[in-house]
Asks: 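Encoded as structure tokens, here's the structure I'll be asking about.
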There are 2 protein chains.
Amino acid sequence: MGRTREFDEEKVLDAAMQLFWEKGYEATSLSDLTSRMGIQRPSIYSAFGDKKELFEAALRKYTMSRASDVRTRLQNHSSVKEAFSTFFENVVAEEYTKNSSRGCFCINTMVELAPHDEKFEILTREHQMYLSVIFQETIERGIQSGELEADVNAKALSQALIVSLIGLTVIMKSRPERSFVSNTIEVILKLLK
Amino acid sequence: MGRTREFDEEKVLDAAMQLFWEKGYEATSLSDLTSRMGIQRPSIYSAFGDKKELFEAALRKYTMSRASDVRTRLQNHSSVKEAFSTFFENVVAEEYTKNSSRGCFCINTMVELAPHDEKFEILTREHQMYLSVIFQETIERGIQSGELEADVNAKALSQALIVSLIGLTVIMKSRPERSFVSNTIEVILKLLK
DNA sequence: ATTATAACATACCGTTCAGTACGTTATAAT
DNA sequence: ATTATAACGTACTGAACGGTATGTTATAAT
């Protein structure tokens with residue numbers, strides 16, 4: 001019994017995610033959250049707990065959705081080289097299209113919270129490890145099909161590509177000339193040769 | 001005339017730099033600053049301006065010192081491959097030695113402030129561009145000496161190495177297994193072949 | 001229809017924030 | 001020695017912070 005909830009938990013959590021993604025944890029206030037989520041303060045606390053728990057829920061939603069998105073994109077091409085090339089180009093294109101560069105919510109959190117909060121150290125690390133496994137599986141597919149040479153170290157290479165992706169995502173926050181990132185991608189993708 | 005300043009501006013600015021580096025802009029309070037810098041609040045304002053101006057002074061101090069440090073390290077070896085190898089290994093070793101991973105103050109700022117403050121977008125971008133020029137000069141030295149092949153694209157390669165360095169610095173904040181970063185460095189340095 | 005209860009809106013809590021007013025102390029110029 | 005002034009320590013400001021107490025409203029079970 002009791003009154004029924006008037007808001008959609010997934011929708012308001014998504015709104016919180018967008019805001020934390022854009023502004024980070026510290027710079028986002030409860031007032032920012034209530035206005036963006038469209039619900040009152042006590043509703044946030046009853047549904048998600050305190051600010052940090054809400055942030056964690058938002059980040060988990062992000063990483064899950066992001067992982068499946070990455071997986072989908074890489075499976076979309078039969079050619080592995082083409083898959084990675086398109087993937088990296090799209091990441092760049094999306095970032096340069098938007099006015100403000102939010103980058104990656106998980107990477108932002110790695111920088112802001114991971115060094116001071118073990119929970120987020122683990123959460124962000126595991127997401128990156130998961131992405132690196134997706135990369136690795138894709139590379140192994142390329143080896144299997146004969147597109148990539150058999151002596152490629154799939155694991156090491158996938159880790160290097162994850163690191164490059166992180167570096168690209170971060171440096172785009174300073175809005176370098178587009179040629180900078182294009183050059184970088186071109187060089188990095190040579191590793192798939 | 002008037003009373004003489006009792007604190008060393010460079011020393012207290014260095015203390016502020018350490019604190020901002022460790023905690024970021026938002027999470028560092030004026031009270032944190034006064035206790036770490038060892039001076040009172042009005043002294044900060046009279047010497048450096050408000051919190052953001054102090055932060056900017058601290059970041060400028062960091063980037064200048066960092067750039068000259070990088071330059072020195074890369075000039076320390078006659079072999080260019082060895083120079084980069086030692087450089088990357090040292091970055092990793094230093095990060096894993098310390099208990100907490102502060103990473104790079106400039107990269108932290110790129111993530112926290114650059115997307116919302118044009119001044120820091122420019123400042124952080126220009127630092128990365130400067131580092132990339134140092135990398136490029138080092139690579140060109142290797143080409144000149146015959147250590148690297150003549151058809152190497154020094155500019156593109158240096159940019160890719162900068163991106164990799166950023167990626168490495170960031171992912172170390174989540175404390176991945178050391179093999180992860182070792183693998184990455186090994187793969188990345190193959191680009192110098 | 002009554003009742004128990006959960007979600008609602010409002011208004012508030014103590015704390016901490018960045019920034020400053022002000023009275024005191026020390027020094028450089030006269 | 002006097003004076004003007006700049007740096008000092010203390011204590012304060014209004015605003016914003018995260019979080020909650022409280023009274024009202026709506027709904028599910030009886």
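Below, chains carry the letters A, B, ... as their sequence lines are ordered, and counting in each starts from 1. Any value given below was found using the heavy atoms of this structure, including those in side chains, with hydrogens, waters and symmetry copies removed.
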Asks: Evaluate Q144(B) against E140(B) for side chain to side chain donor-acceptor pair (under 3.5 Å), listing each step before the verdict.
Replies: CA-CA 6 Å; Q144(B) 223 89 66; E140(B) 280 164 352; over 6 Å; no
Asks: State which residues pass salt bridge (charged side-chain N to carboxylate O under 4.0 Å, His left out) with K119(B); sequence neighbours excluded, sorted by chain then number.
Replies: E56(B)
Asks: By ring-ring contact (aromatic ring centres under 6.0 Å, His included), which residues pair with F84(A), not counting sequence neighbours?
Replies: F135(A)
Asks: Quick one: salt bridge (charged side-chain N to carboxylate O under 4.0 Å, His left out) partners of E95(B), sequence neighbours excluded?
Replies: none
Asks: What residues in residues 25-50 of chain A put a non-hydrogen atom under 4.0 Å from any atom of DNA chain D?
Replies: T28(A), S29(A), L30(A), S31(A), R41(A), P42(A), Y45(A), D50(A)
Asks: Can you give the first and last nucleotides of DNA chain C, 5' to 3', that have an atom under 4.0 Å from a heavy atom of chain A?
Replies: dA4(C) to dT10(C)
Asks: May I ask you to check whether R41(B) and S31(B) show a side-chain donor-acceptor distance below 3.5 Å?
Replies: yes
Asks: Checking F20(B) now: which residues fulfil ring-ring contact (aromatic ring centres under 6.0 Å, His included) with it, not counting sequence neighbours?
Replies: F55(B)
Asks: Which of residues 9-24 of chain B sit near DNA chain C, with a heavy atom under 4.0 Å from it?
Replies: none
Asks: With sequence neighbours excluded, give me every side chain to side chain donor-acceptor pair (under 3.5 Å) pair touching residues 182-193 of chain B.
Replies: Q159(A)-N183(B)
Asks: Below 30° counts as parallel, above 60° as perpendicular, anything between as tilted: where do the rings of W21(A) and Y62(A) land?
Replies: perpendicular
Asks: Let me have DNA chain D in dot-bracket notation, would you? Count Watson-Crick plus G-U wobble pairs, both distances under 3.5 Å, and use [ ] for pairs crossing earlier ones and | for inter-strand partners.
Replies: ||||||||||||||||||||||||||||||
Asks: How about Q40(A) and T34(A): does a side-chain donor come under 3.5 Å of a side-chain acceptor?
Replies: no
Asks: Tell me every residue that passes salt bridge (charged side-chain N to carboxylate O under 4.0 Å, His left out) with R178(A), counting only those two or more places apart in sequence or in another chain.
Replies: none
Asks: Pick the closest DNA chain C nucleotide for K52(B) and for E6(B) by heavy atoms, then say which residue is nearer the 5' end.
Replies: K52(B)
Asks: Can you list everything that forms a side chain to side chain contact (heavy atoms under 4.5 Å, CB included) with V152(B)? Sequence neighbours excluded, please.
Replies: I139(B), I143(B), E149(B), L157(B)
Asks: List the residues meeting ring-ring contact (aromatic ring centres under 6.0 Å, His included) with F88(A), not counting sequence neighbours, and say none if there are none.
Replies: none
